[in-house]
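One structure below.
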Amino acid sequence: MYEHDLLIIGAGLAGLRAAVEGVRNGLKTAVITKVHPVRSHSNAAQGGINAPLTDRGDEWEGHALDTIKGSDYLADQDAVEIMSREAGDAVLELERMGVIFSRGEDGRLGTRRFGGQKVARTYFVGAITGSAMLHVLYEQALKHGLQVYEEWFVTSLIKEEGAVRGVIALDIKTGELHAIRAKAVLMAAGGAGRVFEPSTNALICTGDGLSLAWRAGAPLMDMEMIQYHPTTLARTGILLSEAARGEGAYLLNSEGDRFMQKYAPDYMELASRDVVSRAEQTEINEGRGIEGNVLLDLRHLGRQFIEDRLGYLQEVAVEFMGIDLTEQPVPVRPGMHYIMGGIKTNADGETEVPGLFAAGECANVSVHGANRLGANSLLDTIVFGRRAAVKSVDYVKTIGESGSNSESYLEAEKKRLQALLDRKPGHRTAVIRNEMAVNMTEGIGVFRDQASMERALAKVHEMRKKYDEGIYVEDKGKVFNTDLVFALELDFMLDCAESVAVGALMRKESRGAHFRTDMQDRDDENWLKHTLSYKSEEGVRTDTLDVTITQWQPVKRVY
Amino acid sequence: MQTNLKVKRFNPGEPGAQPYFQEYSLDVHPDSTILDALIQVREEVDGTLAMRCSCRASICGSCGMRVNGRARLVCKTRVEAVAPNGEQLVIEPMGNQRVVKDLVVSLDTFFDQIKRVDPFLKPDSVPEQGEFIASNESMTNLLISMNCIMCGCCVSDCTVLEVDSNFIGPAALAKAWRFTEDPRDGQRDERLKKLNDEDGGIWDCTRCMQCVEVCPKDVAPMDRIMEMRDAAIKAGNRNTSGYHHTESFYNSVKKNGRLDETRLAIDSAGWTNIPRLLDLAPIGFKALLKGKMPPVMPHKAEDKQKIKDLYEKVEGEQK
Ligand SMILES: Cc1cc2nc3c(=O)[nH]c(=O)nc-3n(C[C@H](O)[C@H](O)[C@H](O)COP(=O)(O)OP(=O)(O)OC[C@H]3O[C@@H](n4cnc5c(N)ncnc54)[C@H](O)[C@@H]3O)c2cc1C
Ligand code: SF4
Ligand code: SF4
């Protein structure tokens, strides 16, 4: 039997930052992750991390307002205030742990500009910021001798008397199922990008954490808020970071015009992501695209500059498109990138279910509201990852030893997985996944309307039925059975897809990333609200919750 | 386009399992990477094929495999680049690491090596607030090694690891370099000394270049190892045969304009290291029989002075 005070699901930035805090606070902490920690998707973050460093003249209020405006006033302002105030310390602490950041002449951290902000306050390492941060947090985990269940896949949560008290997990390497007990469980399992096709997200971003929490009774909030990033590569959907535009790259249409002039004369290419993505899609729809793309032009930045500050972007463009950024513009288009929605938490990572905390991309605090600013997600992971762990310290103290029913959970789960393996030939996971994901992008894309969203939801229901009746796991073996893991992930993804479609249909207005062509205006009177969905026996139950406003009243959003 | 894959399969979960090859022939998109092709196999042809992959964009480090005998990150390798005319691609798991199943190898070897180099910053003192002050150059210099995505390709193809599993290995040594070169670290000398003295440390690399060739991120681990050798010597570590070898090489060429191989062998072992010298004796004897024994009195180069001048120039520049 495995037992811990704090069990963290996920070894990305949120999970590892929380783990370091758990250990520091003397909690018996462990992390469980379906891939080795350094393979977590946080390593893909390229551009940087925002922080208003007040010790050098920036103001936290400026960052907070940019974040709130970026969110189209859907963010909870009390949570944003906390994030903006704690940002500076959080980033500097990472530097002191060993993260390499680019610097200025004075030997202190240097910045670049990012979208939706006029002040340059994004700290970065070339175009490998996420990887540089993740590797250092992993180093810290090694230093502290943190226990990590590597390549273990959580299949469900254990609940006792209404509280989460551990997990059931599959050791992928051996194929054995185990119960791991914990006084508190922190969900830091990342995003759900694979619910859409194409997506910038890694193949492991399958929304497991969202679904696990949902099934345990926690509500998902604002799931309709899906971020489409303005610069993703055709076909593969691989990302070219906003850092390109932050450093001065242009967006051009087929006529060679910097079309952002029309849509955001003040911020141009550095308007908020939802604004730029809509502008691109409009250009494309109105016939000024190039085979469904617009062009990202970096040529004027010069070879040396590109190689020094955007090296990984050049690598990606050359490897995946055969394009040298110093010589040719690269075709890009809006692509699914991030999910603002997630498990509803307060600013201390608490969910509505006792014993269950959440942080990182799977959580919704909410600081991103209807549109996340670039470089605010890494910040979210480290600020709220830490806070959730701190809060769990108090919670763990209140939990005594209790009767364990983990064995019955384990038996039930063994039966469920065996039944999955015993099925007669039917549909491969990939077939259902692709049909669901392509359909989600079509129905709940950059632009959406009642009919498209209804089609999406109907399709999700159809795919759920197809899954329940006919999913087929071809691999019957125990050792490293990825076929089984994919089937379990698809099960989670279908939950996520459903909650996204339900949220989208609930919101009767346009706000941030949720742009309805049939209801184009923001409706503060009725919809300064979060959408909530709960999973229940009878299906999905919905609700709404007022947004918390502190000092910034909603005004019209122009860039 | 048509592509033909020959994939090494192995499932230890089956009783009496032996590795075998399985062939797949499929039609892929012209821009497909080898990873795309393998995913296509898994999704459309054979769901039992096990491999690791995640980001598809050469940053997560999951998909190191051997392609036609050489370690590669398959997401970064286009089918067209290696098999433009549908030539068969032989895909095998990476080397020097235990195979778990099919193309999946155990991560233990790799990360056990990483753990040997104390892979975290050890500053003398940490600023209470703000950041460490350091020049941009000294920081961005570290990116050479920070670019490492821990894919294991270098470990797979390292020729020393093939015969000596105790070698710390290219990736872990490149990681060590990242700390010996970090101006914020306070343990540079201790680290260098340990890497110098340790069995399997910086002197065990044979400079075969494999790690430089296969690294998808231009980390060039061998170059990092050579830099640490230099640094270790400069920091006063002169107790290794590696150091004596280098020094003898250096002096011999400086003095004679040519290499005195006999002396090099004896110097490297150490004049008083009798057991090691006895070890060398049969090699010398065999070389003698085959007419390959270097002359006892070294030859001298004709234009010795030119070589001396060169030495002086370089030594002058270094000062
Ligand atoms: C290409 C790209 C570039 C980006 N660039 C930036 C940027 O420049 N700046 C910025 O701020 N943000 C950026 N983002 C967003 C940001 O990287 C992510 O939102 C953030 O890193 C998420 O971190 P996380 O810790 O929440 O989750 P992740 O890093 O995704 O980690 C999730 C963890 O959960 C584990 N897990 C999941 N399911 C299970 C399960 N069932 N059982 C066990 N373990 C499980 C995984 O193994 C993994 O360890 C980018 C995103 C992408 C896709
Ligand atoms: S150069 Fe050294 S470290 Fe690199 S592969 Fe060869 S022996 Fe191994
Ligand atoms: S040094 Fe290069 S080959 Fe070796 S693990 Fe790092 S990235 Fe891979």
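Residue numbering restarts at 1 for every chain, and letters A, B, ... go by the order of the sequence lines.
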Contacting moiety of Tyr472(A), where chain B heavy atoms sit under 4.5 Å: neither
For Arg56(A), is it the side chain, the backbone, both, or neither that has a heavy atom closer than 4.5 Å to a heavy atom of chain B? side chain
From the list Met146(B), Met51(B), Met139(B), Lys175(B), the residue making the most non-hydrogen contacts under 4.5 Å with chain A is Met139(B)
In terms of heavy-atom pairs under 4.5 Å, which option from Ile39(B), Thr33(B), Asn136(B), Leu121(B) contacts chain A the most? Asn136(B)
Could you look at Thr206(A) and say if it's the side chain, the backbone, both or neither that has a heavy atom under 4.5 Å from chain B? neither
Side chain, backbone, both or neither of Glu105(A) within contact of chain B (heavy atoms, under 4.5 Å): neither
Less than 4.5 Å to any heavy atom of chain B: does that hold for the side chain of Glu151(A), its backbone, both, or neither? side chain
Interatomic distance, CG@Asn68(B) vs CD@Glu92(B), rounded to 0.5 Å, equals 9.0 Å
Between the side chain of Glu131(B) and the main-chain N/O of Leu109(A), is any donor-acceptor distance below 3.5 Å? yes
Heavy-atom cut-off 4.5 Å, strictly under: side chain, backbone, both or neither for Lys115(B) against chain A? side chain
Taking Gly98(A)'s backbone N and O only, do any of them form a donor-acceptor pair with Arg184(B)'s side chain (distance below 3.5 Å, no angle check)? yes
Quick check on Arg194(A) against chain B: is it the side chain, the backbone, both or neither that has a heavy atom closer than 4.5 Å? side chain
Is any NZ, NE, NH1 or NH2 atom of the basic residue among Asp118(B) and Arg191(B) found under 4.0 Å from an Asp or Glu carboxylate oxygen of the other? no
Tell me which of these, Val479(A), Leu233(A), Asp483(A), Ile100(A), has more heavy-atom pairs under 4.5 Å with chain B than the rest. Ile100(A)
N/O donor-acceptor pair under 3.5 Å between Arg72(B) side chain and Thr77(B) backbone: no
Checking Thr200(A) side chain against Ile238(A) main chain: does a donor-acceptor pair fall under 3.5 Å? no
Under 4.5 Å to a heavy atom of chain B? For Val99(A) that would be backbone
Using side chain to side chain contact (heavy atoms under 4.5 Å, CB included) as the criterion, point out the one residue from Leu173(B), Ile114(B), Leu161(B) that pairs with Ile168(B). Leu173(B)
Do Lys101(B) side-chain atoms and Asn481(A) backbone N/O form a donor-acceptor pair below 3.5 Å? no
Counting only heavy atoms closer than 4.5 Å, note whether Glu128(B) contacts chain A via side chain, backbone, both or neither. backbone
Would you say the side chains of Thr140(B) and Arg103(A) form a donor-acceptor pair under 3.5 Å? no
Measure from the side-chain N and O atoms of Asn147(B) to the backbone N and O of Leu143(B), and report whether any donor-acceptor pair falls under 3.5 Å. yes
Report which part of Asp308(A) has an atom under 4.5 Å of a heavy atom belonging to chain B: side chain, backbone, both, or neither. neither
Can you tell which of Met97(A), Lys478(A), Arg108(A), His41(A) has the highest number of heavy-atom pairs within less than 4.5 Å of chain B? Arg108(A)
Quick check on Asn11(B) against chain A: is it the side chain, the backbone, both or neither that has a heavy atom closer than 4.5 Å? side chain
Region of Ile128(A) in contact with chain B, defined by heavy-atom distances below 4.5 Å: side chain
Proximity breakdown for Asp106(A) and chain B, heavy-atom pairs closer than 4.5 Å: backbone
Taking side chain as everything from C-beta outward and backbone as N, CA, C, O, which of these in Arg96(A) sits under 4.5 Å from a heavy atom of chain B? Side chain, backbone, both or neither. both
Considering only heavy atoms, which portion of Ser135(B) lies under 4.5 Å from any heavy atom of chain A: side chain, backbone, both, or neither? backbone
Between the side chains of Ser25(B) and Gln2(B), does any donor sit under 3.5 Å from an acceptor? yes
Any donor-acceptor pair under 3.5 Å from Lys217(B) side chain to Ser58(B) backbone: yes
Let me know if Val91(A) has heavy atoms under 4.5 Å from chain B in its side chain, its backbone, both or neither. neither
Can we say Asp182(B) and Arg178(B) salt-bridge, meaning some charged N sits less than 4.0 Å from an Asp/Glu carboxylate O? yes
With a 4.5 angstrom heavy-atom cut-off, is it the side chain or the backbone of Val104(B) that approaches chain A, or both, or neither? side chain
Check each atom of Thr482(A) against the heavy atoms of chain B and say whether the ones under 4.5 Å are side chain, backbone, both or neither. side chain
If one checks every heavy atom of Ile133(B) against chain A at 4.5 Å, the contacting part turns out to be both
Could you tell me whether Arg116(B) and Glu198(B) have a side-chain N and a carboxylate O separated by less than 4.0 Å? yes
Among Cys55(B), Ser62(B), Gly13(B), the residue with the most heavy-atom pairs under 4.5 Å to chain A is Ser62(B)
